[in-house]
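Predicted model, so just to flag it, every value in this text is computed and none were measured. Hydrogens, waters and symmetry mates are skipped; everything else that's a heavy atom, side chains included, is used.
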Amino acid sequence: MQRSTQGTKAISFSRFLFQWLLCALLPFIGFSAWYAYQQAYQSTESYAIEFANQVAEHIQTETQRFLLQPERQLEAVIALGQADLLQLDAPYQLVKQLAVLQQQAPNLTFLSFGLVDGQYVSSARPPEPNSNLEGIFSLIEHDRHLTFVDINDDLTIQPQKKPRSKAHYDSRERSWFRHAIEQGKPSWYPVGRYQAYDSLGVGISAPVLDSHGQFLGVATADIALNQLSHFLQTTAESKHGLYFVAEPDGALLAVSDASPTFQVLEVGYQRIDANNATHPVIRLMWQHHQSGKSGQMMTTHNGNQFVIHLQSLPLTNGPELLIAMAHPQEMFTGPLNRLATTLMTVFFFMTVVSMLVMLLVARRVTRPLTALSRWAEQLSQQNWQAPEPSSGGIKELQVVNADLKQMATQLQSQTEQLAQKVEHRTEELQRTLMLLQHILRSAAGLCIVVTNPNGKIILFNRGAELLTGYSAAEALTKDDLFFLHTSEQTGMDATSFISSLLLQSNVSQLTHYRHKSGHLCPISLLVTPILDKQEKLSGYLFIAQDQTQQQKLNQLKSDFVSTVSHELRTPLTSIAASLKLLNAGALGALAEPQQRLTDIAEQNCLRLQQLINDLLDMDKLLAGQMDFQLQACSIDTLVQDALRQNAAYANEQQVALTFTQPDVDGLVLVDERRFQQVMSNLLSNAVKFSPPGSEVHIQVEPQANAVLIRVIDQGCGIPTDFQPKLFEKFSQAEAVNTRQHQGTGLGLAICKQLVEQMHGSIGFRSEQGVGTEFYVEFPLHQP
């Protein structure tokens with residue numbers, strides 16, 4: 001078919017698409033700007049974190065260096081004492097020794113020594129900048145009043161013009177002296193206030209011993225914390241941050257905002273802790289520390305964001321200090337936010353312009369597309385005569401119109417053909433449905449029930465109505481199929497109940513249906529899952545057959561067998577005794593032909609007696625009238641007795657019996673006579689079906705709380721089709737070896753009943769041409 005096009009002037013769709021993309025370019029630019037801002041913001045955050053880490057490392061390093069000076073100078077004094085180099089008997093020489101050490105520590109405030117007799121010698125750095133060191137003495141000869149002297153750079157000593165202090169100063173009464181004695185090693189003592197420096201000070205003290213271990217006194221090194229605050233202030237000015245150092249309980253040691261770390265009272269002074277600091281951000285950082293946080297984090301206070309860094313600084317032989325710092329996020333993001341405001345303004349105007357342009361373009365492109373959509377909708381409703389819409393001058397739409405028109409013509413033809421096929425197929429399905437309904441109605445002898453996967457009945461045939469008394473209409477209203485079963489069968493949900501029935505799929509199960517009148521109907525039930533084309537479960541098929549008549553026949557057969565067995569047992573006993581007497585020569589020697597006939601008669605009589613005994617045993621077992629005398633017996637002794645009782649028969653058949661001794665000889669609770677009856681049956685069967693020269697192997701294996709007895713032969717094996725019926729009454733497979741052996745067909749059925757009555761279990765494994773293994777398992781007796 002030729003595609004027709006209208007004579008209007010058309011433009012290329014690629015040109016039209018280019019125009020649309022040009023209109024969409026502006027939003028793309030806006031998105032790119034937003035994306036660039038996000039990346040820049042992330043980079044700013046990374047820079048802020050890295051900046052905070054660097055500042056934190058710098059502050060920690062300087063604080064460590066600051067607090068390390070007292071430790072090192074104290075160690076030097078201790079070393080001088082151990083080398084017997086301290087000039088304790090010459091105070092002025094001792095102060096020079098201390099001054100030499102203090103010159104090496106520019107931040108150290110005091111380096112002192114308290115002698116055992118209470119005298120005090122110290123090298124101190126005055127609070128005035130660029131001042132020389134001064135010595136302080138509290139000597140016995142001066143009545144322990146403090147004396148101050150200047151120490152020049154060349155370590156010469158000049159008396160000061162100010163008067164001697166009237167304060168009585170005994171070093172043994174000072175807290176740092178007592179602290180060192182209590183600790184017995186270098187340790188930091190509590191922070192104190194230096195009145196002359198208007199600052200808090202922290203120090204470390206230690207006992208000093210000579211080379212012989214003799215106690216010489218206590219050395220102490222102090223440092224004024226206003227120096228640390230000055231360092232934090234200088235760093236804060238350059239880094240635009242807020243920093244503080246505090247003790248573990250929150251008491252401030254140094255701050256960067258010049259706020260006080262203590263307040264003077266009328267008597268003494270009081271420390272200020274971080275929780276009561278004047279600056280709210282200091283309080284905020286302390287609250288984060290108290291909540292268990294550490295390291296880097298972001299927080300907000302009064303709408304302002306801060307980058308906070310919390311880290312600990314453990315002091316050797318002292319507390320673990322807290323170093324906290326905060327930087328406003330605005331110092332990193334301020335320029336970026338101003339740039340973002342400009343970008344958002346530009347983006348807004350660009351978006352408005354783009355939307356106006358796109359609106360105009362969209363109106364042009366949607367008009368022909370809308371008409372094309374309406375035409376397609378009419379074609380879908382099989383309106384083949386609907387007029388062809390205009391393409392709006394777009395060349396590609398003209399081609400689409402032509403292709404759609406051609407497709408509509410083809411679709412019309414295919415629709416008509418499909419309608420004919422659907423009509424024919426519908427007729428075939430109706431015929432098939434009628435045939436299926438006829439089959440289901442005619443199958444009145446079979447109860448057929450179909451359910452969905454949840455167990456709800458969707459089909460209930462005439463046979464089901466006759467068997468259960470329920471009509472199909474009644475059955476279809478039930479929520480599940482439990483109304484057909486007894487309460488003992490339905491102690492679970494429908495899906496689990498059906499799953500339990502499927503464990504014996506493709507095998508008829510003897511069970512009961514509950515009739516509408518209330519009585520139970522014995523049935524044989526076969527359950528089969530129904531699968532769809534995708535092999536998914538779509539339902540279940542239940543086929544049941546009434547077993548009432550079959551049960552009556554089985555009962556008649558059992559009654560007949562029981563009656564015949566009892567009626568034949570007495571005369572057979574007499575006949576067997578008479579034949580035994582004849583064969584024993586009680587009436588004189590018999591001729592050879594007569595002897596042969598009486599031997600045959602005696603053997604046949606014994607076979608009939610065995611058959612009757614088996615019938616009576618089975619009858620007693622089924623009726624529950626057989627007595628069991630259960631007692632604890634050694635499993636090894638039981639198996640050995642069974643082997644001795646069957647050894648003669650095995651030798652006669654030229655078959656060897658071998659026995660594997662168990663690792664542990666356990667006790668089982670069994671009736672010894674019935675146990676030997678089971679073992680004799682299993683051993684005689686194994687010997688009977690084993691070729692001459694072969695072995696029958698008996699194994700006893702301990703199990704968890706049980707013992708397993710295995711009888712393994714090398715015979716012909718059990719035919720596969722007969723294996724499901726092996727333990728049924730009167731069941732015998734066709735003999736496949738050269739020696740045909742007859743039996744009653746009751747031996748294994750009796751064994752199964754006997755074993756189960758003694759709380760055990762029996763089973764087998766067999767492979768044709770290889771052999772058969774019968775196994776019996778009994779629980780171990782627990783005394």
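Counting heavy-atom neighbours within 6.0 Å of His230 NE2, excluding the residue itself, gives a total of 12 or less. At most 12 non-hydrogen atoms from other residues, nucleotides or ligands lie less than 6.0 angstrom from CD of Glu57. Heavy-atom neighbours of Lys96 NZ from other residues, nucleotides or ligands within 6.0 Å: above the threshold of 12. With a 6.0 Å radius and a threshold of 12 heavy atoms from other residues, nucleotides or ligands, Asp532 has its CG atom above the threshold.
The main-chain N or O of His288 is found under 3.5 Å from a side-chain atom of Ser291 such that the two form a donor-acceptor pair. Put simply, the side chain of Ser138 never gets that close to the backbone of Asp170: no donor and acceptor are under 3.5 Å apart. Under the 3.5 Å distance criterion, the side-chain polar atoms of Asn317 are matched with a main-chain donor or acceptor of Pro186. With hydrogens and angles disregarded, a donor-acceptor distance shorter than 3.5 Å links the side chain of Gln97 to the backbone of Leu85. Although no hydrogens or angles enter the test, the distance criterion places a donor-acceptor pair under 3.5 Å between the side chain of His279 and the main chain of Val281. The backbone N or O of Ala219 sits nowhere less than 3.5 Å from a side-chain atom of Ser205 that would complete a donor-acceptor pair. Panel note: side chain Gln102, backbone Leu108; a donor-acceptor pair is recorded below 3.5 Å. Of the possible donor and acceptor atoms, none in the side chain of Gln305 sits under 3.5 Å from a partner among the backbone N and O of Met298. A distance-only check finds a donor-acceptor pair linking the side chain of Asp154 to the backbone of Thr156 [under 3.5 Å].
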Does the side-chain contact (heavy atoms from CB on, under 4.5 Å) test come out yes or no for Thr261 and Leu253, once each step is laid out?
CA-CA 6 Å; Thr261 57; Leu253 296 178; over 6 Å; no
Between Ser112 and Ser122, is a side chain to side chain donor-acceptor pair (under 3.5 Å) present by the stated rule, with each step listed?
CA-CA 4 Å; Ser112 309; Ser122 174; 2.9 Å; yes
Could you check Asn132 against Ile151 for side-chain contact (heavy atoms from CB on, under 4.5 Å), going step by step and ending with a plain yes or no?
CA-CA 6 Å; Asn132 292 332; Ile151 302 175; 5.8 Å; no
Verify salt bridge (charged side-chain N to carboxylate O under 4.0 Å, His left out) between Glu62 and Arg65, making sure each step is shown before the conclusion.
CA-CA 5 Å; Glu62 290 300 318; Arg65 185 188 62 79; 3.0 Å; yes
Give the C-alpha distance, both sets of side-chain angles, the deciding distance and a yes or no for side-chain contact (heavy atoms from CB on, under 4.5 Å) between Leu780 and Asn705.
CA-CA 6 Å; Leu780 288 172; Asn705 301 321; 5.6 Å; no
Test log, rule side-chain contact (heavy atoms from CB on, under 4.5 Å), inputs Asp257 and Gln233
CA-CA 6 Å; Asp257 66 338; Gln233 292 172 18; over 6 Å; no
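Relative orientation of the Phe215 and Phe177 rings is perpendicular, given thresholds of 30° and 60° on the angle between their planes. Using the six-membered ring where Trp is involved, Tyr169 and Tyr120 have ring planes that are tilted, between 30° and 60° apart.
Side-chain contact between Leu225 and Val245: absent, with no pair of heavy atoms (C-beta onward) separated by less than 4.5 Å. Counting heavy atoms from C-beta on, the side chains of Leu315 and Ile204 never come closer than 4.5 Å. Between Val218 and His179 there is no side-chain heavy-atom pair separated by less than 4.5 Å. Put simply, the side chain of Asp222 does not reach to within 4.5 Å of the side chain of Trp176, judged on heavy atoms. The closest side-chain heavy-atom distance from Pro106 to Gln69 is below 4.5 Å. Residues Asn226 and Tyr194 form no side-chain contact, since every pair of their non-hydrogen atoms from C-beta on lies 4.5 Å or further apart. Within the 4.5 Å cutoff, the side chain of Thr451 has no heavy atoms near those of the Lys456 side chain. For the pair Phe113/Leu88, a side-chain contact is recorded, criterion being any heavy-atom separation below 4.5 Å from C-beta on.
To the nearest 0.5 Å, the span separating CG on Leu242 from OG1 on Thr235 amounts to 12.0 Å. Gln93 CD to Leu155 CG: the interatomic distance, rounded to the nearest 0.5 Å, is 10.0 Å. Put simply, CG on Leu531 and CG on Leu537 are 6.5 Å apart, with the number rounded to the nearest 0.5 Å. Taken to the nearest 0.5 Å, the OG atom of Ser211 stands 9.0 Å off from the CD atom of Gln82. Note: Leu284 CG to Asn275 CG = 11.0 Å, rounded to the nearest 0.5 Å. Here CD of Gln64 is found 5.0 Å from CG of Leu313. Values are rounded to the nearest 0.5 Å.
For Tyr243 and His309, the gap between ring centers reaches or exceeds 6.0 Å.
Val95 and Gly135 get closest at one heavy-atom pair: CG2-CA, 3.8 Å. Annotation for Phe262 and Val264: closest pair CE1-CG2, 4.0 Å, computed over non-hydrogen atoms. Residues Gly192 and Tyr269 share a closest heavy-atom pair of CA-OH, 3.5 Å.
Note on residues 263-288: pairs passing salt bridge (Lys or Arg N to Asp or Glu O under 4.0 Å), not counting sequence neighbours, are Glu247-Arg271. Within the structure, salt bridge (Lys or Arg N to Asp or Glu O under 4.0 Å) contacts touching residues 211-221 (residues at least two apart or in different chains) do not occur.
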